[in-house]
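Contents: one structure, followed by commentary.
Predicted model, so just to flag it, every value in this text is computed and none were measured. In what follows, every heavy atom counts, from backbone to side chain, and hydrogens, waters and symmetry copies are set aside.
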Amino acid sequence: FIGRFEPFHNGHAAVARHALGRAKNVIFLIGSADTPRTLRNPWTVGFSTVMPAALYLLFGAAPAYGREQLAHGNVAGSIMATMALFGAMTAAISVASTVSDERGSGWTRQLRLTPLRPLTYVGSKLIVALVVVLVVVAVTYAVGFATGARLDLSAAVTTFAIAWLV
């Protein structure tokens, strides 16, 4: 049973009871409307996704020092990883700020009237942040590698994971 369940109501309960009467097991998949809304927000998409790639192009790919070798790649690769981390932090803060917006609009008060547990709400925000940050980091790395950034495989995987998960 796939749904957002925002808020869970008697119709959801009736469908769940019917499904449980017909099947031995029922799996509930709770989705979130946050990811599409977050990705449609021009500030999130523009600033968080385009800005790190643009800054990388400006400071990493364009100057001649970008080709200088470092221990695990080149300067452009180092700047790419740094800009991906910048974008990841910006995107995560943007998603986290939606909690404040929802509180100000009264949405969290509405959620308290539902069976939704606070941990589920926080977990959905975390998942949305991870998805948005993954897009930002992936775009920055794709632009970087396409324009001459070089990192050893271990350095690329490690810095990608750090930017995405930290």
Side-chain angles (χ1 to χ4, degrees), residues 1-56 77-145 151 153-166:
F1 186 26
I2 301 172
R4 288 192 329 239
F5 306 102
E6 293 178 3
F8 189 84
H9 53 72
N10 291 337
H12 293 123
V15 171
R17 279 193 296 275
H18 180 74
L20 288 168
R22 295 185 54 122
K24 184 177 177 182
N25 295 312
V26 176
I27 297 172
F28 291 87
L29 297 175
I30 300 174
S32 173
D34 285 344
T35 300
R37 183 176 66 226
T38 300
L39 292 175
R40 280 193 310 265
N41 181 341
W43 290 105
T44 300
V45 173
F47 192 75
S48 298
T49 306
V50 175
M51 185 63 75
L55 289 173
Y56 158 75
S78 176
I79 293 172
M80 172 190 67
T82 304
M83 291 302 124
L85 184 58
F86 163 74
M89 292 186 311
T90 304
I93 289 168
S94 176
V95 171
S97 71
T98 63
V99 174
S100 175
D101 294 341
E102 289 173 357
R103 186 171 184 201
S105 70
W107 179 243
T108 53
R109 188 176 327 127
Q110 188 76 8
L111 289 177
R112 285 195 303 260
L113 300 173
T114 70
L116 180 69
R117 292 180 293 185
L119 185 60
T120 305
Y121 174 74
V122 172
S124 71
K125 294 296 181 185
L126 177 63
I127 291 168
V128 169
L130 286 171
V131 169
V132 172
V133 168
L134 178 62
V135 170
V136 169
V137 173
V139 165
T140 306
Y141 271 65
V143 169
F145 286 131
L151 289 174
L153 181 60
S154 63
V157 170
T158 302
T159 57
F160 189 98
I162 288 171
W164 179 37
L165 300 173
V166 173

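- With rounding to the nearest 0.5 Å, the separation of CG in L55 from OG1 in T82 is 11.0 Å.
- Contact record, V133 with A91: CG2-CB, 4.0 Å, taken as the closest heavy-atom pair.
- Evaluation of the side chain to side chain donor-acceptor pair (under 3.5 Å) rule for T159 yields Y141 as partners, not counting sequence neighbours.
- In terms of heavy atoms, A88 sits closest to A163 at CB-O, 3.1 Å.
- Of the residues T90, V137, V139, V132, the one that meets the side chain to side chain contact (heavy atoms under 4.5 Å, CB included) test with T49 is V139.
- Shortest non-hydrogen contact noted between F86 and P52 is CD2-CG, 4.2 Å.
- No donor-acceptor pair closer than 3.5 Å links the side chain of S100 to the backbone N or O of S97.
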Stepwise side chain to side chain contact (heavy atoms under 4.5 Å, CB included) test for F160 and L165: CA-CA 9 Å; F160 189 98; L165 300 173; over 6 Å; no
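- Under the rule for a side chain to side chain contact (heavy atoms under 4.5 Å, CB included), the partners of R103 that lie at least two apart in sequence or sit in another chain are T108.
- Checked by atom type and distance alone, the side chain of S124 pairs as donor or acceptor with a backbone atom of Y121 at under 3.5 Å.
- Across all non-hydrogen atoms, the minimal contact from W164 to L130 is NE1-O, 2.8 Å.
- Here the CD1-OG1 distance, from I79 to T140, works out to 13.0 Å after rounding to the nearest 0.5 Å.
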